[in-house]
Amino acid sequence: MRNLDSKSHVRGESVYLDDIPLVQGTLYACVFDSPAAHGKLISIDTGEAATSEGVVRVITAKDLIGENQIGGIVPDEPLLADGEVHFQGQPMAIVVAASEELARKSARKITAQIAPLPVITDPRVAAANGELIVPPKKFVLGDSAAAFANCAHVFEGRADVNGQEHLYIETQGTYAVPTENGGLKIHSSTQGPTVVQRAVCRVTGLPMHQVEVDVQRLGGGFGGKEDQANAWAGICAVAAQLTKRPVKYALHRMEDMRMTGKRHPYSADYRIGLDKDLKIVAYEVTFYQNAGAACDLSPPVLERTLFHCTNSYFISHVTATAFCCRTNLPPNTAFRGFGGPQGMFVIESAIAHAAEKLGVAAAEIQRKNLLDDGDEFPYGQIAESDAITSWTQGDEKYDFAKHQTDADEFNASSKYFKKGVAMMPVCFGISFTKTPMNQARSLVHVYTDGSVAVSTGAVEMGQGVNTKIAQVAAKAFGLDISQVKVHTANTLRIANTSPTAASAAADLNGKATQMACEAIRDRLLCLAKDLVEAEKVEDLSLENGFVFRNGERTSLDWQTLVMDAHLERVNLSEHSHYATPGINFDWSTAKGHPFAYHVYGTAIVGVTVDCLRGRYEVDYVKCCHDFGSSMNTAVDHGQIEGGIVQGLGWMTMEEVVYDAEGRLRSNALSTYKVPDIYSVPKEIAILPLETDRENLAVFNSKAVGEPPLMYGIAAYFAIRNAVAEFRKTAPPAADSDSVVLPFDAPFTPEKVLMALYR
Ligand code: MTE
Ligand code: LUZ
Ligand code: MOS
C-alpha cells in the first residue's frame, strides 16, 4: 500500500507551512542574529531598522510580556539574546514588517556592540574548563578495571565523529494568528506540537488553553524540529502578540543552516580488551559530546549514546562515561538515531582497531560477540536478541565471505581502484528513554455517512505515519482506506502530545487509534447483534464494509449500521489513551527496562575507492532487517532506503565546518555536500528477518524510522578497508609505522586522499 500522500506530493498539492492561505493583514518577521560566537552584549542599535520602510515593530528581549526563555530541560536558552551572546546565529532582535523582503532588508540595518569573550568549539576543551551542562552520566556493568587485567589483548584509541545538518527540504517556520481574547493559533513546522505550545505560552505569558498549535505535515524533520521549532514559534507568537496581527516567518536556507543546531559531534576515548578467542571481555569508553551553547535535548541524546555504546554486542565488563559539553556553537539537537549512531561508531572503531592489530577480519570479532537471548545490556534490560539471527540470515542470503573474496580478487589485479567490504550489526531500542513520554492519544469520529476521521498527536513528516494510522482504523472497521481521513496534529483535539520522535509515533499513536476504533466497533457490533439477530457479539465482525456473522457476509452494510447506531443514540466517537506497558528506568542506579523492544539488523556494505583521486562509490548495501511483521512494506522500505542514504551521507560526504570563531563555514548547499541521486548505492537489498516473536509494536510491525540510518556506518569501515588495501600494496603508502589510521568521520574524499598517501 503506497503512502497516502504520494499523489499530492507528486502533484505539488500537499500543504506545507508556506502553502497555508494567509489572513489579511499578515506581517512578516525576520531576526537579527548574533555575528559573534561569544561576548558581552553592550548595546544593540535598532533605530535605523525601526524607521525603515514597511517596518511595523522591532522587538528585543526587554519587550517580551512573558519569560525570555525557551529551554525545555534546562532554562539556559533565551528567545532573544540578553546580556551575553553564546553562538553565532543566536537571535537578538525581531523585525516585523509588511513584507518578507522589507523585514529581511531592515534586519540587516541592526547593529550590535559585543565585547568578545573566549570562543570554545571543542568539547574536550569545554570539559577541561568545567563547562558541563549537566553532571556526567555513567553506565557500569561488571568490573572493567579488573577485567582488563585478564585480557590477552588490549587496545586503546580515540574516535571522532562530526555532526550533520538536518537539511529537511522545508526549512523551519511558523505562522502565528491572533485569536479572540488574546489567544493565538500557531501553525508550526514542528515535530512537537505540545513542545511548541509550551514554549509559546512561556514567552507570551498565555495559559496553554489559549494557544492552539496545528501541524498539517512537515517537509522533513529528522529530529531537527523536535525541539528547535520553538524559537521560530516563539518569535512569531511574540510578534503577533505585540502587533495584534498575524505574523509569519519561514527561514531562508542559509538562515536555517546558520541559526539551528545539528547532530552532535562527539570525541571519544576507548579501551577494548579481548581474550585469546576474540571474545570482548572489557570495554571502557568516555564520550565528549559537543552540545553547543544551550542544553536543548543534549542530555537525553547523551543518554542514548550510552544506551547504544555496545551496539549489538554482549560485553560483560563495561564502563561508559559521558560528558555534556557546553561550547559556543548553535545548540545541537535530536537527529535520527539521537546519539545512538555516535555510540555505535565508537565501538565499531574499537573493534576495527583490534581487528587490524590482530590481523583478523573485524567480522570475526563482531560475530563472536553478538548479543544472545538473555544477555544483559549495560543498563540492565535483558535482551530478547535477534542479533545472531539477523547476522546469520543476512550472511546466508548475501554471503559476506563471497563479497570479500570478490573484493580480494578485484584488488589483486587492480592497482588504483580498491574495493572494501564491511559488515555491521545494529541494535536500536524503541521507546523514549524518558518513560513518561511513552504515551499517546487518538480521537476517532465516525460520521453518519460512514466516513471516519482520526486525529492523533503524530506529525507526518514523510515517514508515512498517517498512512499507517489510517491502515489501523481501516482494519479495525473493516473498511477501505479511502473511508478514513487522518487529520492534522492539533493541540485542541489532542492535548499533551509527545513529539513525533524516537521512531515510536506509529506504535504509540497507532495503538491509541486501534483502541479508539475497537471501542466504537464493539458498540456497533452490540447493536448489530440485534439487527442481524445473531446469538452473540463474538460471532460478528466487520469486513469489506459489511457485518459478517461467523465469517459469512450478512446484508447489513457499514453505512446502514452507522446510521442506525446514530438514531439509536450510540456514541460514534472515542478518545483513547495508550501508554507503553512494562517500561521503566531509574537514573539513580542507571538500570531498568527502558525499551519496549529492540530492532535488530545486519548490513553488508561494499565500496570502490578511486585511489588516485580519493573518490569512492558505494556499490551495495545489503541488509537483513527486523520488521517484526511489516504492516506497510512500501513505506518501510522507503524508510530503510532513506535512512541508509542519510547514514552514508553522515559517514562519508557531509562535513559540518565551524571555524575557530564559531562561524559556520559549510553554510549553504554549495559548501555542504549531501547525498544526491548519484550517491545512492547502486544496489540496496533488503531481506526481512524471519522471526515469529511477539512484540509491543502496532500489529507487530516494528518501528523503522531511525535504525536503518546506522547501517550507513558500515560504509566508513568499508572505505577504510579499501584504503588499507591500497596502503598495503602501493609504493607511496608504504609506511611502516604501527599507528592505526585515525577514526575520524566523515571519511570525505579529501580525508580518503590524505589517508591513502599519508
Ligand atoms: N522520514 C522522512 N521521510 N522524514 C523525516 O523527517 N524522520 C525520522 C524518521 N524517518 C523522518 C523520516 C526520524 S528522526 C524519526 S524519529 C522517525 O521518522 C519519526 O517517525 P515515526 O516515529 O513515525 O517513525
Ligand atoms: N527523543 C527523545 C528521541 O526525547 N527521547 C528519546 O529517547 C529519543 N530517541 C530517539 C529519537 N528521539
Ligand atoms: Mo527522531 S531524532 O526521534 O526525531
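Both backbone and side-chain heavy atoms feed into the values below; hydrogens, waters and symmetry mates do not. We count ligands from 1, going down the list as the structure has it; atoms in each ligand are counted the same way.
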ask   = To which protein heavy atom is atom 9 (N) of ligand 2 closest, and what is the distance rounded to 0.1 Å?
value = Arg304 NE, 2.9 Å
inquiry  = Check for me whether Lys225 meets the cation-pi criterion with Tyr168, that is, NZ or CZ under 6.0 Å from the six-membered ring centre and within 45 degrees of the ring axis.
reply    = yes
inquiry  = Does the Lys NZ or Arg CZ of Lys475 fall within the cation-pi geometry relative to Phe699 - under 6.0 Å from the ring centre and within 45° of the axis?
reply    = yes
request  = Using distance alone, determine whether Gln191 and ligand 3 share an N or O pair under 3.5 Å.
outcome  = yes
key: Any N/O pair Gly223/ligand 3 closer than 3.5 Å   = yes
task = Would you check, one step at a time, whether the test side-chain hydrogen bond (donor to acceptor under 3.5 Å, both in side chains) holds for Glu165 with Tyr672?
result = CA-CA 9 Å; Glu165 162 64 40; Tyr672 186 77; over 6 Å; no
remark   = For Arg336, the atoms of ligand 3 under 4.0 Å from one of its heavy atoms are 2 (S)
key: Atom indices of ligand 3 within 4.0 angstrom of Phe335 heavy atoms, with elements   = 2 (S)
request  = Please state whether Ala703 comes within less than 4.0 angstrom of ligand 1, counting heavy atoms only.
outcome  = no
ask   = Mind checking whether Gly642 has a heavy atom under 4.0 Å from ligand 1?
value = no
ask   = Between Met461 and ligand 1, is there a nitrogen or oxygen pair with a distance under 3.5 Å?
value = yes
remark   = Candidates Lys434, Glu226, Glu303; heavy atom nearest atom 4 (O) of ligand 2 found on Glu226
note = So for Ala502 against ligand 3, with non-hydrogen atoms under 4.0 Å, the contacting part is backbone
